[in-house]
Amino acid sequence: MTDNKNEKINEEIERADAENLMASMTDRVACPADGACNEKKPHKAGFVNIVGNPNVGKSTLMNDLVGERVSIITSKAQTTRHRITGIVNTPDFQIVFSDTPGVLKPNYKLQESMLSYAQGALTDADILLYVTDVVEDPTKNADFLARVAKEKIPVLLVINKIDLLKTNGDLETIVNRWRDILPNAEVFPLSAKEHFNVPNLMARIVELLPPSPPYFGKDALTDKPARFFVTEIIREKILTSYDKEIPYSVEVIVEKFDESDNAIHIMATIFVERDSQKGIIIGKGGSMLKKVGTEARKDIEKFFDKRVYLELFVKVEPNWRNRENKLKAFGYIE
């Protein structure tokens, strides 16, 4: 959108900025005339769960809010399979964000597990972020939306990708349509990709946090182990390197993770469902597997800030997405 078309939105954001500034000022320690200062306000902490349909930008928003790359970001739907936690810490508060798989009608047991993560996010949150975008049909997954509408906890409706709109009138129409569906939700139009209006969403989240001690250590970024992020980085490279069904038929398991002061030695196995998929993953003369390994190694080195030695192997595990024992082994079912 051009600057003049953004004028109304910018006015609203500036007003919110002023309100947030006043709120932050009232949070400071107040000292009366006699010099005796009030005690500092209690520490705040809470769980903020991010839900919505696939491909609306939940992972992009999560990473922007956390300030670290925790969730996979690709243009392909259903990239998030697990419930991924990212933690934001300051001396005064702790926010535990959870990025969940997109809501969908499951076609196999893996997707049933993915849906259960999204449904579970409605039951254990202090604040719920429902994420949509400017092109999504609001009637999609109406049953899930009906559950969100009944929530008693604060619901923040995030309308993402507003940078794709041409006029403010378009945004107003979308906002009004969503207010009919989720009348109790606070609406936040934003662009996670452009970091537009995300700070105001963050300020409102902090304001809504309940008083509580921290749930995790103050140096924690996530509750996931290091191996998890290795598998996610490798899986991201597969998602961006292959087409059609291949990325969705793949699971990655870290078999070895040996870390020293200066380097990490990793051995990981890529599981596929058919021999033909194994051939595609490996590529002619091993070219595709080498490409995935090189790209993954570079990102893993950035993530851990260490030299990484990465070995990749490919194995066939027939129909693993529908086999409960394999889903348990891969961490999708407890």
Side-chain angles (χ1 to χ4, degrees), residues 57-76 78-89 96-101 110 114 117 192-193 216-217 219-243 246-272 277-278 280-283 285-315 317 320 329-332:
K58 296 188 301 299
S59 295
T60 304
L61 178 62
M62 162 87 155
N63 290 340
D64 197 11
L65 289 166
V66 174
E68 296 280 352
R69 192 171 183 183
V70 177
S71 293
I72 284 181
I73 304 173
T74 80
S75 59
K76 298 182 180 181
Q78 302 177 38
T79 53
T80 301
R81 287 180 177 174
H82 295 267
R83 186 167 170 177
I84 300 173
T85 300
I87 303 170
V88 175
N89 287 295
V96 185
F97 288 102
S98 287
D99 181 20
T100 61
L110 171 61
M114 292 162 61
Y117 291 136
K193 181 180 178 182
F216 298 91
D219 59 347
L221 170 64
T222 180
D223 64 344
K224 296 292 185 184
R227 288 172 179 242
F228 174 82
F229 293 98
V230 172
T231 64
E232 288 293 276
I233 290 170
I234 296 170
R235 198 164 63 83
E236 179 189 48
K237 301 311 172 187
I238 293 170
L239 279 160
T240 56
S241 299
Y242 302 89
D243 294 323
I246 292 295
Y248 304 103
S249 302
V250 163
E251 182 56 56
V252 180
I253 296 295
V254 173
E255 311 282 2
K256 179 180 179 180
F257 187 95
D258 288 343
E259 185 172 9
S260 63
D261 291 340
N262 301 315
I264 309 172
H265 184 191
I266 300 169
M267 293 173 58
T269 300
I270 300 169
F271 290 92
V272 294
Q277 294 170 344
K278 180 178 179 179
I280 294 171
I281 289 289
I282 294 173
S287 58
M288 286 301 295
L289 188 62
K290 182 178 180 181
K291 174 178 178 288
V292 167
T294 299
E295 293 179 357
R297 177 184 55 77
K298 291 178 180 178
D299 276 11
I300 296 169
E301 287 181 335
K302 290 178 183 177
F303 190 89
F304 291 102
D305 195 24
K306 288 185 178 182
R307 179 177 291 277
V308 169
Y309 301 93
L310 176 63
E311 296 180 80
L312 295 179
F313 303 89
V314 185
K315 293 182 180 179
E317 194 62 70
W320 69 264
F330 292 158
Y332 291 105

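The shown structure was predicted, so the numbers you read here are calculated from the model rather than taken from an experiment. Note: hydrogens, waters and symmetry copies are ignored here, and every other heavy atom, side chains too, is used.
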Quiz item: Do R297 and Y309 pass the side-chain contact (heavy atoms from CB on, under 4.5 Å) test, and can you show the C-alpha distance, the side-chain angles, and the key distance before you say yes or no?
Solution: CA-CA 7 Å; R297 177 184 55 77; Y309 301 93; over 6 Å; no
Exercise. Indicate the atoms forming the closest heavy-atom contact of A192 with D64, along with that distance.
Key: O-OD2, 3.5 Å
Quiz item: Relative to the ring of F229, is the ring of F303 parallel (under 30°), tilted (30 to 60°) or perpendicular (over 60°)?
Solution: parallel
Quiz prompt | Rounded distance (nearest 0.5 Å) linking atom CD1 of I281 with atom CD1 of I238 | solution = 5.0 Å
Practice problem: Mark yes or no for whether S287, through its side chain, and G283, through its backbone, hold a donor-acceptor pair below 3.5 Å. | Solution: no
Quiz item: Roughly how far, to the nearest 0.5 Å, is OG of S260 from CZ of R307?
Solution: 11.0 Å
Practice problem: Would you please test I266 and I300 for side-chain contact (heavy atoms from CB on, under 4.5 Å) and show each step? | Solution: CA-CA 10 Å; I266 300 169; I300 296 169; 4.0 Å; yes
Quiz prompt | F257: partners by ring-ring contact (aromatic ring centres under 6.0 Å, His included), with sequence neighbours left out | solution = F304
Quiz item: Are the charged groups of E232 and R235 less than 4.0 angstrom apart, N to O?
Solution: yes
Self-check item: Over all atoms of both residues, closest heavy-atom pair of A296 and I233
Solution: O-CG2, 3.7 Å
Exercise. Start with the C-alpha distance between V292 and L312, add both sets of side-chain angles, then the distance that settles side-chain contact (heavy atoms from CB on, under 4.5 Å), and finish with yes or no.
Key: CA-CA 9 Å; V292 167; L312 295 179; 4.2 Å; yes
Quiz item: With no hydrogens and no angle check, is any side-chain donor or acceptor of E301 less than 3.5 Å from a backbone partner on V308?
Solution: yes
Quiz item: Below 4.5 Å, heavy atoms only, C-beta onward: do H265 and E311 meet side chain to side chain?
Solution: yes
Quiz item: Should the heavy atoms of other residues, nucleotides or ligands under 6.0 Å from NZ of K290 be counted, would the total exceed 12?
Solution: no
Quiz item: Can any side-chain N or O of R227 pair as donor or acceptor with the backbone N or O of V254 at less than 3.5 Å?
Solution: yes
Quiz item: Quick one: CZ on F271 to OG on S249, what's the gap to the nearest 0.5 Å?
Solution: 14.5 Å
Self-check item: Closest heavy-atom pair and its distance - V66, V88
Solution: CA-CG2, 3.7 Å
Practice problem: Quick one: pull up OG in S241 and CD1 in I280 and give me the separation to the nearest 0.5 Å. | Solution: 13.0 Å
Quiz item: Which heavy atom of N89 sits nearest a heavy atom of G217, and at what distance?
Solution: ND2-O, 3.8 Å
Exercise. To the nearest 0.5 Å, tell me how far M267 CE sits from L310 CG.
Key: 10.5 Å
Exercise. Find the distance between CG (L61) and NZ (K58) and round it off to the nearest 0.5 Å.
Key: 10.0 Å
Quiz item: Does K306 have any side chain to side chain donor-acceptor pair (under 3.5 Å) partners at least two apart in sequence or in another chain, and if so, which?
Solution: E259
Practice problem: Test L289 against V314 for side-chain contact (heavy atoms from CB on, under 4.5 Å), laying out the working first. | Solution: CA-CA 9 Å; L289 188 62; V314 185; 4.0 Å; yes
Quiz item: Quick one: do K237 and D299 make a salt bridge, cutoff under 4.0 Å?
Solution: yes
